[in-house]
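These notes are about the structure you will find just below.
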Amino acid sequence: MSQPKRKLTLNRRHNLIGWAFLTPATLLIVAMSFFPMFKALLLSFKTGIGVKMQWTGITNYVRMFQDGVFVQALKNTFLYLIIQVPIMLILALILASMLNDRNLKFKGLFRTAIFLPCATSLVSYSIIFRSLFAVDGFINAVLTKLGILSTGYNFLAHPTSARIVIILALVWRWTGYNMVFYLSGLQNIEYSVYEAAKIDGASAFQAFRKITVPLLKPTILLTAIMSTNGTLQLFDESMNLTNGGPANATVTMSHYIYNVSFKYVPNFGYAAAMSYLILILVAVLAYFQMKVGDKRD
């Protein structure tokens, strides 16, 4: 006597349907992301070109800290991280608080204007900033007209000023992006909280410090992690704005990895090792930011 077929329960059917939708995407992620990452890890322990690559252990990792250009790139990247990220996030938070005011007119116009730089192509805006700060560019023309400079100053030919230009470009490009996150978070805060604080005699700064910042803490943590991740992988500005110059004074780690892979004699094993160092730095900094910023029990 044949046994009756067991019917699938509704919960099991939903699970199977979910896995049916997830499986193609999961396989693509494994094939396109995790497998190449694993191959790159193996590659980082090898030296040579093509089929002649040999296993050399941690040689590439040791070489990084003996490579003057890479050490300079590491210093440059952390300089951008330490200076640009706090300025950008604080400015984004202040702008979001101002644009969240119910009595402000033309809020949509201001929000769009501040966010528009984020929609600009990375290559395009780098070239625009290079033109602005050229010897015969707009900035020098204004400074000369105002009598601050007698002749045009070559901002991109001096290490300090070239780094400042990159930091200014990054702040201009990404402040609006982070402002949108903060503005979204602020709109989820009941306006009555601010009105109650105002009735109690709290100033605008006290309301910002005691209400806005604490309630936006998860969003601030998110933007800090994303900004740290993005800055450690900074490439376009170094490549298109200053080309790493003068004398590698503005080169970033990602830019140097590109040079080692495609501009100089190709050394993919060494480039893979540097890439994994960036991965480790991103993971470590994100971990510490989570430990410091996320106080949930």
Side-chain angles (χ1 to χ4, degrees), residues 69 72-101 104-180 182-183 203-205 208 223 227 230-231 234-252 254-256:
V69 179
Q72 180 65 51
L74 187 64
K75 290 178 181 177
N76 292 338
T77 304
F78 271 91
L79 179 70
Y80 302 142
L81 176 67
I82 293 168
I83 297 176
Q84 175 258 333
V85 170
I87 292 174
M88 176 183 64
L89 296 184
I90 291 170
L91 187 58
L93 189 55
I94 293 171
L95 289 171
S97 298
M98 293 171 63
L99 293 176
N100 194 49
D101 187 354
L104 181 67
K105 295 182 179 179
F106 307 112
K107 288 187 289 187
L109 177 63
F110 293 133
R111 291 173 184 176
T112 304
I114 295 171
F115 180 75
L116 270 180
C118 185
T120 309
S121 164
L122 289 168
V123 175
S124 299
Y125 104 93
S126 298
I127 293 172
I128 290 169
F129 265 81
R130 190 171 66 188
S131 301
L132 285 172
F133 286 92
V135 177
D136 57 349
F138 178 76
I139 301 299
N140 271 312
V142 172
L143 294 176
T144 305
K145 287 286 185 182
L146 293 174
I148 298 173
L149 295 176
S150 56
T151 58
Y153 181 76
N154 196 346
F155 288 95
L156 303 180
H158 298 83
T160 302
S161 58
R163 294 187 188 111
I164 291 172
V165 171
I166 288 181
I167 290 170
L168 288 173
L170 289 168
V171 171
W172 180 84
R173 176 68 165 71
W174 294 108
T175 297
Y177 177 81
N178 291 286
M179 182 202 71
V180 171
Y182 296 147
L183 197 55
S203 65
F205 178 73
F208 177 80
T223 54
S227 300
T231 305
L234 196 63
F235 173 78
D236 292 271
E237 290 76 10
S238 173
M239 179 71 176
N240 299 307
L241 185 52
T242 62
N243 198 25
N248 295 317
T250 59
V251 71
T252 60
S254 294
H255 188 184
Y256 186 53

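At least one donor-acceptor pair under 3.5 Å links the side chain of N140 to the backbone N or O of A134. Panel note: side chain N76, backbone V251; a donor-acceptor pair is recorded below 3.5 Å. Looking at R111, its side chain never comes within 3.5 Å of a backbone N or O of M179 through a donor-acceptor pair.
Considering CG of L170 and CZ of F129, their distance stands at 9.0 Å, rounded to 0.5 Å. Atom CG of residue L74 and atom OG1 of residue T252 lie 11.0 Å apart, to the nearest 0.5 angstrom. If you take OG1 on T175 and CD1 on I114, they are separated by 9.0 Å, rounding to the nearest 0.5 Å. Interatomic distance, CG of D236 versus CD1 of I127, reported as 10.5 Å (0.5 Å rounding). To the nearest 0.5 Å, atoms OG (S131) and CD1 (I139) are separated by 11.5 Å.
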As a quick check of understanding, evaluate side chain to side chain contact (heavy atoms under 4.5 Å, CB included) for T77 and L234, giving each step before the final call.
CA-CA 8 Å; T77 304; L234 196 63; 5.5 Å; no
For L156 and R130, run side chain to side chain contact (heavy atoms under 4.5 Å, CB included): C-alpha distance rounded to whole Å, both residues' side-chain angles, the deciding distance at 0.1 Å, then the answer.
CA-CA 8 Å; L156 303 180; R130 190 171 66 188; 3.6 Å; yes
Take L122 and E237, measure what side chain to side chain contact (heavy atoms under 4.5 Å, CB included) needs, and give me the verdict at the end.
CA-CA 8 Å; L122 289 168; E237 290 76 10; 4.0 Å; yes
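Relative ring orientation between F155 and Y153 is described as perpendicular, the plane-to-plane angle rising above 60° on a 0-90° scale split at 30° and 60°.
Taking each heavy atom of G176 and F115 in turn, the nearest pair found is O-CD1, 3.7 Å. Heavy-atom minimum distance, L79 versus R163: CD2-CD, 3.3 Å. Across all their heavy atoms, P246 and A157 have their closest contact at CG-O, 3.3 Å. Across every non-hydrogen atom of A73 and Y256, the tightest pair is CB-CB, 4.4 Å. Closest heavy-atom contact between Y125 and A169: CE1-O, 3.3 Å.
Annotation: side chain of T144 is not in contact with side chain of T151 (no heavy-atom distance under 4.5 Å). With a 4.5 Å cut-off on side-chain heavy atoms, W172 and T120 count as touching.
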Would you list the atom pairs, donor with acceptor, under 3.5 Å between side chains in residues 80-97 and any protein atom, with sequence neighbours excluded?
residue, atom, partner, partner atom, Å
Y80, OH, T250, O, 3.1
Q84, OE1, T231, OG1, 3.4
S97, OG, L93, O, 3.0

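Residues forming a side chain to side chain donor-acceptor pair (under 3.5 Å) with T223 (at least two apart in sequence, or on another chain): Y182.
When T242, L241, L168 are each tested for a side chain to side chain contact (heavy atoms under 4.5 Å, CB included) with F133, only one passes: L168.
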